[in-house]
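Naming: A, B, ... by sequence-line order, numbering from 1 per chain. Computed from heavy atoms alone, side chains included, the values below leave out hydrogens, waters and symmetry copies. These figures come from a predicted structure and were not determined experimentally.
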Amino acid sequence: MTTFADMGVDADIVEALASKGIVDAFPIQEQTIPLGLPGQDIIGQAKTGTGKTFGFGIPVVQRLGLDPAPGVKALIVVPTRELAVQVYEDMDMLTSNRSTSVVAIYGGKAYEGQIDQLKAGAQIVVGTPGRLIDLNNQRLLDLSHATEVVLDEADKMLDLGFLPDIEKIFQKVSQVRHTMLYSATMPGPIVALARRFMSNPIHIRATDPDEGLTQANIKHLVYRAHSLDKDEVIARILQAEGRGKTVVFTRTKRAAQKLVDELNDRGFNAGAVHGDMSQEARERSMAGFKAGKKDVLIATDVAARGIDVDDVTHVINHTIPDDEKTYLHRVGRTGRAGKTGIAVTFVDWDDLHKWALINRALDFGQPEPMETYSSSPHLFEDLDIPAGTKGRIGKAPKTDTVRTQRTARPERAADAAAEGTDEGGTRRRRRRRSADTPVGSTFAEGAPADAAASDATASADADRGTDGAGTHDGAGKEHHDGKPAPARRRRRRRGGPGGTPAAAAGV
DNA sequence: AAAAAAG
């Protein structure tokens with residue numbers, strides 16, 4: 001493996017990285033840093049969680065050199081405020097052994113601090129388009145000497161919603177510059193468009209074209225959610241042993257708010273991030289989630305891209321995303337830096353075509369995800385859902401033992417991972433599960449979407465041979481007998497914070 | 001069509 005030192009990265013940067021335990025370069029870094037350092041324009045494409053930030057961050061820092069002259073010389077533009085904070089932190093780390101100063105410029109926050117830092121001579125700016133243009137209009141942000149320009153999540157920055165802002169920003173920065181664009185997804189038309197802002201860019205794809213676009217270490221589970229009580233299933237997933245951090249995505253801000261209220265009502269410590277929240281509340285949620293103080297983060301697609309939180313073991317698509325790009329970015333919140341992850345997608349009746357689209361675009365199907373998990377009992381096995389529990393999950397008050405249990409879980413997960421098995425608890429639950437059919441009935445409607453074509457009846461012989469990257473692939477995993485669930489429930493869940501007593505019935 | 005991004 002190539003180290004950062006091998007690539008000619010300055011010693012103080014190498015040292016900053018090493019102090020965080022980062023020594024070896026990931027492929028995208030290995031391929032782009034040697035080009036970025038001498039000033040080659042780059043379109044860098046690599047899967048989620050494989051280190052794109054340092055791919056551009058290191059060349060930016062190193063190329064600014066040690067010039068103490070104040071003023072903005074580098075600009076990094078990102079699509080969300082949370083990503084601005086995160087990339088700012090990475091850049092701040094890379095510059096920790098030199099005097100180069102970094103500032104984050106984004107909306108929803110007081111102007112004062114940001115303006116002060118600009119006046120103090122900040123040299124690297126990381127920001128979102130709106131506030132960047134705002135401050136530029138106010139003549140408080142001079143971009144004309146920005147000779148290093150980066151678009152992170154570049155395809156997003158160049159889509160219709162952002163393009164006018166980006167065009168404006170490219171008019172303001174230095175016309176003699178080094179430009180780098182990075183993203184996990186780079187549709188052809190976007191690449192063509194991107195070239196307008198670059199000079200002779202080289203397009204680096206740090207992926208084997210035969211491999212597909214998704215991370216091999218993410219296991220994809222897809223379930224048809226027709227009349228499935230998704231809140232209940234999600235509550236159960238959250239109580240599964242071996243679960244680390246979990247992110248749940250919804251399609252709308254309202255759905256996110258509703259779900260976070262519901263889960264908090266049930267005694268979970270859930271946080272939300274969506275555009276109807278104050279920036280302060282958004283950042284509180286993110287910080288709490290990163291620190292492990294929250295059980296789960298409920299988010300709209302504002303958090304789909306770039307957000308890097310350690311040890312996210314599960315991503316749940318409460319609502320299927322609209323397109324394959326969003327799917328790929330959402331599930332990319334797990335399986336980062338070579339770790340394994342599980343992505344669970346609920347496909348509502350009206351959204352079956354969306355799954356077909358995503359499945360085709362991402363070239364799934366062989367053998368994952370549909371064929372491998374072709375019966376609902378495997379939902380229990382793969383998600384390790386506690387099966388014996390009666391009643392509505394998570395109803396306990398905040399100080400209850402349920403909570404203690406959840407807090408204790410990460411250590412157990414680590415132990416289990418170290419042993420390569422998920423040990424006793426699983427077996428116990430499994431035994432109860434076979435004795436206790438009622439839980440199965442909860443998921444009777446949760447047949448996977450592929451079975452829609454044939455038959456919702458459980459199939460006994462799903463091929464588990466792919467093994468993929470499951471953290472929960474315990475030794476001696478036996479098949480469930482896959483009986484068809486006894487009763488189909490047709491209850492319609494009435495939403496609203498606080499839920500209904502009916503939610504407890506029949507479980 | 002939703003979400004995001006200035007206030």
Side-chain angles (χ1 to χ4, degrees), chain A residues 75-88 103-115 118 125-141 143 150-170 172 183-185 190 247-260 272-283 285-286 297-307 315 317-330 332-333 345-348 350-355 357-358:
Chain A
L75 176 66
I76 299 167
V77 191
V78 301
T80 67
R81 297 165 181 179
E82 283 70 24
L83 197 50
V85 171
Q86 181 182 294
V87 173
Y88 162 80
V103 62
I105 302 287
Y106 58 94
K109 264 259 205 287
Y111 284 88
E112 200 183 17
Q114 297 178 6
I115 293 170
L118 289 171
V125 168
V126 183
T128 49
R131 183 63 71 90
L132 288 171
I133 290 171
D134 183 358
L135 290 182
N136 181 258
N137 287 341
Q138 294 188 53
R139 316 234 164 242
L140 294 164
L141 170 62
L143 292 172
V150 177
L151 298 188
D152 193 10
E153 304 298 340
D155 60 324
K156 183 72 179 171
M157 305 312 299
L158 295 173
D159 84 7
L160 291 182
F162 276 114
L163 186 57
D165 285 351
I166 296 304
E167 284 182 316
K168 176 148 198 187
I169 287 168
F170 271 116
K172 300 291 182 181
S183 182
T185 47
I190 296 290
V247 186
V248 183
F249 286 101
T250 63
R251 195 175 61 89
T252 64
K253 293 178 276 197
R254 282 185 61 186
Q257 192 56 50
K258 203 175 133 204
L259 181 58
V260 79
V273 185
H274 62 70
D276 278 349
M277 294 166 64
S278 73
Q279 189 54 29
E280 193 193 1
R282 281 165 62 160
E283 289 181 18
S285 286
M286 282 303 308
L297 186 73
I298 317 296
T300 58
D301 285 323
V302 68
R305 285 172 175 260
I307 299 302
V315 168
N317 289 316
H318 173 275
T319 342
I320 192 172
D322 284 341
D323 56 50
E324 76 282 2
K325 292 189 292 299
T326 310
Y327 180 88
L328 194 144
H329 286 282
R330 279 185 182 185
R333 296 320 94 211
T345 301
F346 296 121
V347 186
D348 292 318
D350 294 341
D351 291 335
L352 283 171
H353 68 287
K354 285 188 193 167
W355 171 251
L357 197 97
I358 291 168

Where the side chain of Lys253(A) is defined as all heavy atoms beyond and including C-beta, which of dA6(B), dA3(B), dA5(B) is the nearest nucleotide?
-> dA3(B)
Distance in Å, Thr80(A) OG1 paired with Arg282(A) CZ, rounded so as to fall on 0.5 Å steps | 7.0 Å
Atom NZ of Lys354(A) and atom P of dA2(B): how far apart are they, to the nearest Å?
-> 11 Å
Against the side chain of Asp322(A), the closest entry in dA3(B), dA6(B), dA2(B) is dA2(B)
Is the distance from OP1 or OP2 of dA5(B) to the nearest side-chain N or O of Thr80(A) less than 4.0 Å?
-> no
Drop me the distance from Thr345(A)'s OG1 to Phe249(A)'s CZ, to the nearest 0.5 angstrom.
-> 11.0 Å
For the side chain of Thr128(A), starting at C-beta, report the closest nucleotide among dA2(B), dA6(B), dA4(B).
-> dA6(B)
Gln279(A) CD - dA6(B) P separation (whole Å) = 9 Å
Short side-chain N/O contact to dA3(B) OP1/OP2 from Arg330(A), under 4.0 Å = no
Please give, in whole Å, the distance from dA4(B) C1' to His329(A) NE2?
-> 14 Å
Atom CZ of Arg251(A) and atom P of dA1(B): how far apart are they, to the nearest Å?
-> 11 Å
Are OP1 or OP2 of dA3(B) and a side-chain N or O of Arg305(A) less than 4.0 angstrom apart?
-> no
In whole Å, what is the span from the CD atom of Gln257(A) to the C1' atom of dA2(B)?
-> 17 Å
If you look at every strand shown and take non-hydrogen atoms under 4.0 Å, does Tyr111(A) touch a base, only sugar-phosphate, or nothing?
-> sugar-phosphate
How many Å lie between NZ on Lys325(A) and P on dA4(B), as a whole number?
-> 18 Å
Integer-rounded Å distance: dA3(B) P and Glu82(A) CD = 15 Å
Closest of dA6(B), dA3(B), dA4(B) to the Arg81(A) side chain is dA6(B)
May I ask you to check whether over 12 heavy atoms, not counting those of Gln138(A), lie within 6.0 Å of atom CD?
-> yes
